[in-house]
*Asks:* 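Before we start, here is the structure in question, set down as C-alpha cells.
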Amino acid sequence: VFKTLPGQKIARLELGGALNTPQEKIFVATGSEVRGFTKRGKQFLSFETNLTENIKAMHISGADLFLCASYIYNHYCDCKDKHYYLSGDKINDVLCLPVDKVNSITPVLACQDRLLRVLQGSDLLYEVEVPGPPTVLALNNGNGGDSGEEIVYGTSDGKLGLTQITASAPVHKWEIGNEKKRGGILCIDSFDIVGDGVKELLVGRDDGVLEIYSFESVDEPVLRYDYALSESIASVQGGCVGKDGYDEVLASTYSGWLTGLTTEPVHREGGSGEELKLSQEMQSKISSLRNELEHLQMKVLQEREKYQQSSQSSTAVSSVPAFSVNDKFTLNKDDASYSLILEVQTAIDNVLVQSDVPIDLLDVDKNSAVVSFSSCDSEPNSNFLLATYRCQANTTRLELKIRSIEGQYGTLQAYVTPRIQPKTCQVHQYQIKPLSLHQRTHSIDHDRPMNTLMLKGQFSFAEIHSWVVFCLPEVPEKTPAGDSVTFYFQNTFLGTQLESSYRKGEGCFKSDNISTISILKDVLSKEATKRKINLNISYDINEESVRHTLKLIHPKLEYQQLLAKKVHLIDALRELQVHEGNVDFLLPKYRSILEEADQLLEEYKKQPAHLERLYGMITDLFIDKFKFKGTNVKTKVPLLLEMLDGCEQDGLIAFFEAAA
C-alpha cells in the first residue's frame, strides 16, 4: 500500500486513533522521535521527544502517548509532557489499562528486575513480583478482560502469567512455567483463531516456537497448537490476510520473513474435481513464486558481477558490509548454566568462542553446528577455551550452553562470521562475573545460618554499587535512587543465598555459604585497592553454616556419584547381555540400569563435569572455612578428595570439624 524511505531503525510500531473508533493510524518510534502515518501512508505527525536515549517501548491510547527509554518513562498528552518516572531497572515494555473501562490512566511498566511497576501520575502506586524478567505485556483478550484490569505478561525465561491490576493491589490469576525449556517470550496477541467465540492466546518465542493457547476452563489456558520456525519471532498477530473467509496467525521473524499459519484446509473434502481445482490454484501460486525467485536470483547474480568488477578496478574501494547480531546471554535457573544465543540476519558461516576463564561447553539438542576444539595454553596469556562452531547452510541462529565456576571471572568472546562477501567478522564480549551463578530473587529465608562480611571505608554509593555490578549478574548498572539499597540473590547451582545491603561508606553482605563471602572479600578488596581506597573489612563466621551448606551439596553429590557408577557399568552389562542372550539372571537393580541405559548416558553427556564441580565446591568450602580462621589446610585436600568417594553426609561433616 505504501512504504516510507529508509532511515533509522524502527524500535516500535503501534496502531492508534481516537478512543472507541477503529485504530487506523500508524505510529512508529525511531531514535527519540515518534512519527504518525495514515493508513494510506501520509505523514501527519513528527514529534521529537526530549528523551536523551532511544525509545525502547511505546504505547498509545487516544491522545495519550507513553514512551520508555532504558530507565525513563514519559507520558505525553497531545504531545505535551505530562508525567515522568525513573525506574530502578531497565524497562522492557509499557502498557496502559483501557481508560474507557478503568476510568483512570494506569500505566504498567515491565522491568528487568522481575517486577511490574504500576504508576499513578509520576509516582509508583505499587510493584508486582513476577517469576522472571518480563519482556512483553498485553491486555488480556485484547481489552483487559471484563474489568479492563487484566494483563498478560511473558518473561525472558519463557514463563507466561496473568495478573489483575486493581486500584490497591495485584491479584495473580494464573502462571504457566516453561516445562519444555523453550525460548523467552517476545510477543503476545489475543485472537479467536478456532472460531469458537473465545479469543485464543498467541505467543511467539525467541527460539522460533509459535504457540496457541485456548481457554477451555476458566483457571488457565491450555496449549492447543505449536509450530517451530527457524528464527526468533519478532511479532505475532491474528487476522484475515491471505484468503477471504480463512483466518490466519501471522508471524514476522528476526531476519524479515513473514509467515502465515492458516485455518484453510489443505485437503478439501469431496470428489476429485474439487482436488483438481485446488491443485490448479496451487500450481499457479507455485509457478508465480518460482518466477519471482528466478527473477531475484538473476538480480543477485548481476549485482555480484558488478561488485566483482568494481572491486578489481584500479579505483576500487573496499567496504565492510554491515550486519547486526541479535545476542542474548542469560543464566538458566534450572541447570545453573548460561545460554548464549546469537542470531544474524544472514546465514552464519562460523562462530569462534574464546574464553580467558575455565568454562564448560554443554550440549544443546537444537544445535546442528559442528564443534571443534583447539588446544590452548592457559599459562602466558590465560586462554582457557578456543572452540569453533561451523554452521550448516542457512543457519541464522546458534545457541550455546556454558557453565562457569564461581570465583573465576573474566571475559567470553564470540567472533561471528556470516556467509557474506567480502568475509567480515564481528566480536561480541560477555562478562563472566565472580559470582556468576547467582540470580536475583524477591526474598530470602532469614532463618538460615548466615555469615556476614562488613565493609567500611571512604567510598561513595556509586563506587560500591559499581563493585557489586562487577561481582554479580542482574544488577542494574545505574546507581539506584536513594541513600541505600538491598538486593537478594540465590545461587542457582546449590540453592544458597546472598543478601547485599550497602550505602555510602559501608556495605554488609550476608550468605549461608562461606565460599560466597570469601569470593566477595577477595574481589571487593582487589577493586578497592585498584582505586587506592582503604577498606576496613570485618566478618562474622557462623560455624553452623558450613554444616548447612554441606547438607545442601550432599544429595547432589550422591546422585551424581550414583549416576557415574551406573554409566561405568553400562558397557560391561551390555557385554554380558550379548554373551548370555538374556539378562533374567541379573539383579533387578542391574536390569534397570540396562533398561534406562540411553537416558542415563544422555543425562551424563549433558553434564560432563558435574561431579568435578561438586568436588571443587566442597574443596573450596573446606579451604574457605579455615582461611577465615587463619589456617592453611591445602595439604589436607587430597585426604578430603579420597574421602569424598562414597562418603556419608555425617562422615563428611565430621571430617570438616575434625580438621580443626
Side-chain angles (χ1 to χ4, degrees), residues 88-89 112-115 127 129-133 157 330-338 403-409 432-455 464-465 467-476 480 484-503 506-524 538-557 613-614 616-618 620-622 624-625 627-628 649 653 656:
D89 207 336
Q112 189 62 27
D113 52 1
R114 294 181 168 75
L115 290 173
E127 295 176 333
E129 296 180 354
V130 291
D157 51 3
T330 46
L331 177 60
N332 304 318
K333 192 176 180 179
D334 307 314
D335 56 0
S337 69
Y338 275 91
R403 187 170 291 135
S404 54
I405 301 171
E406 289 214 318
Q408 312 245 16
Y409 54 98
I432 303 223
K433 307 209 168 183
L435 293 174
S436 54
L437 300 181
H438 279 68
Q439 194 170 46
R440 279 278 293 279
T441 178
H442 294 301
S443 57
I444 57 168
D445 174 7
H446 288 282
D447 297 334
R448 292 190 184 182
M450 302 286 258
N451 305 290
T452 309
L453 174 73
M454 289 288 294
L455 302 181
I464 187 164
H465 179 71
W467 301 340
V468 173
V469 170
F470 180 78
C471 287
L472 285 145
E474 297 192 7
V475 181
S484 64
V485 71
T486 300
F487 292 121
Y488 297 118
F489 299 90
Q490 187 175 24
N491 182 322
T492 50
F493 194 86
L494 289 181
T496 57
Q497 56 192 31
L498 168 67
E499 175 188 343
S500 77
S501 334
Y502 51 91
R503 59 179 57 198
E506 65 177 82
C508 176
F509 302 89
K510 294 180 181 177
S511 173
D512 51 346
N513 185 349
I514 283 195
S515 296
T516 304
I517 292 290
S518 170
I519 292 167
L520 273 171
K521 176 178 168 280
D522 293 348
V523 177
L524 292 172
S538 57
Y539 40 82
D540 177 20
I541 300 303
N542 187 332
E543 289 290 329
E544 187 53 43
S545 73
V546 178
R547 238 171 283 157
H548 158 83
T549 308
L550 284 172
K551 282 176 186 165
L552 286 176
I553 298 178
H554 201 265
K556 293 180 169 63
L557 180 69
R613 280 296 156 84
L614 288 165
M617 283 177 179
I618 293 170
D620 286 346
L621 193 69
F622 183 64
D624 291 335
K625 176 189 166 169
K627 186 172 91 177
F628 280 106
Q649 185 174 298
I653 292 172
F656 266 69

*Asks:* For the pair Asn491 and Glu406, evaluate side chain to side chain contact (heavy atoms under 4.5 Å, CB included) and give the outcome as yes or no after the intermediate values.
*Replies:* CA-CA 10 Å; Asn491 182 322; Glu406 289 214 318; 3.5 Å; yes
*Asks:* Can you tell me which residue among Ile519, Asn513, Asn451, Ile514 is in a side chain to side chain contact (heavy atoms under 4.5 Å, CB included) with Asp624?
*Replies:* Ile514
*Asks:* Would you mind telling me which of Leu453, Leu455, Val468 makes a side chain to side chain contact (heavy atoms under 4.5 Å, CB included) with Leu520?
*Replies:* Leu453
*Asks:* Looking at Val469 and Lys433, what are the two nearest heavy atoms and their distance?
*Replies:* O-NZ, 2.6 Å
*Asks:* Show the numbers, then the answer: is there a side chain to side chain contact (heavy atoms under 4.5 Å, CB included) between Asn332 and Asp157?
*Replies:* CA-CA 8 Å; Asn332 304 318; Asp157 51 3; over 6 Å; no
*Asks:* Restricting to non-hydrogen atoms, name the atom on Pro480 and the atom on Phe487 that form the minimum distance, rounded to 0.1 Å.
*Replies:* CG-CZ, 4.4 Å
*Asks:* List the atom of Lys521, the atom of Tyr539, and the distance in Å for their closest heavy-atom pair.
*Replies:* CE-CE2, 3.8 Å
*Asks:* Just so I know, are the side chains of Phe509 and Leu524 near enough to count as touching, which here means a heavy-atom distance under 4.5 Å?
*Replies:* yes
*Asks:* If I take atom CZ from residue Arg613 and atom CZ from residue Phe493, how far apart are they, to the nearest 0.5 angstrom?
*Replies:* 7.0 Å
*Asks:* Do you know the tightest heavy-atom contact between Pro473 and Ser436?
*Replies:* CG-O, 3.9 Å
*Asks:* List the steps and the verdict of side chain to side chain contact (heavy atoms under 4.5 Å, CB included) for Asn542 and Met450.
*Replies:* CA-CA 6 Å; Asn542 187 332; Met450 302 286 258; 5.8 Å; no
*Asks:* How long is the straight-line distance from CD1 of Ile517 back to OG of Ser511, given to the nearest 0.5 Å?
*Replies:* 5.0 Å
*Asks:* Do the side chains of Lys625 and Glu543 get nearer than 4.5 Å, heavy atoms only?
*Replies:* yes
*Asks:* Could you tell me whether the side chain of Lys510 reaches within less than 4.5 Å of the side chain of Ile444, counting heavy atoms only?
*Replies:* no
*Asks:* Taking all atoms of both residues into account, what is the closest heavy-atom pair of Thr452 and Cys508, and its distance?
*Replies:* CG2-SG, 3.8 Å
*Asks:* Which heavy-atom pair separates Pro476 from Asp89 by the least distance, and what is that distance?
*Replies:* CB-OD1, 3.5 Å
*Asks:* Between Thr516 and Phe489, is the side chain to side chain contact (heavy atoms under 4.5 Å, CB included) condition met? List the steps.
*Replies:* CA-CA 11 Å; Thr516 304; Phe489 299 90; over 6 Å; no
*Asks:* Is there a side-chain contact between Gln112 and Arg440 in this structure, where contact means two heavy atoms from C-beta onward sitting under 4.5 Å apart?
*Replies:* no
*Asks:* Is a side-chain N or O of His442 found less than 3.5 angstrom from the main chain of Val130, in a donor-acceptor match?
*Replies:* yes
*Asks:* Quick check: do Ser518 and Phe628 have side-chain heavy atoms less than 4.5 Å from each other?
*Replies:* yes
*Asks:* Are Tyr502 and His465 close enough that some pair of their side-chain heavy atoms sits under 4.5 Å apart?
*Replies:* yes
*Asks:* Within a strict 4.5 Å, meaning less than it, do heavy atoms of the Asp522 and Lys627 side chains meet?
*Replies:* yes
*Asks:* Between side-chain atoms of residues 549-557 and protein atoms elsewhere (two or more places apart, or another chain), which donor-acceptor pairs fall under 3.5 Å?
*Replies:*
{"unit_1": "Thr549", "atom_1": "OG1", "unit_2": "Asp512", "atom_2": "O", "d": "2.8"}
{"unit_1": "Thr549", "atom_1": "OG1", "unit_2": "Ser545", "atom_2": "O", "d": "2.9"}
{"unit_1": "His554", "atom_1": "NE2", "unit_2": "Cys647", "atom_2": "O", "d": "2.9"}
{"unit_1": "His554", "atom_1": "NE2", "unit_2": "Gln649", "atom_2": "N", "d": "3.4"}

*Asks:* Hey, does Leu437 have a side-chain heavy atom less than 4.5 Å from the side chain of Ser404?
*Replies:* yes
*Asks:* Roughly how far, to the nearest 0.5 Å, is the CG atom of Leu435 from the OG atom of Ser515?
*Replies:* 10.0 Å
*Asks:* Rounded to the nearest 0.5 Å, what's the gap from CD on Gln439 to CG on Leu331? Could you check?
*Replies:* 5.0 Å
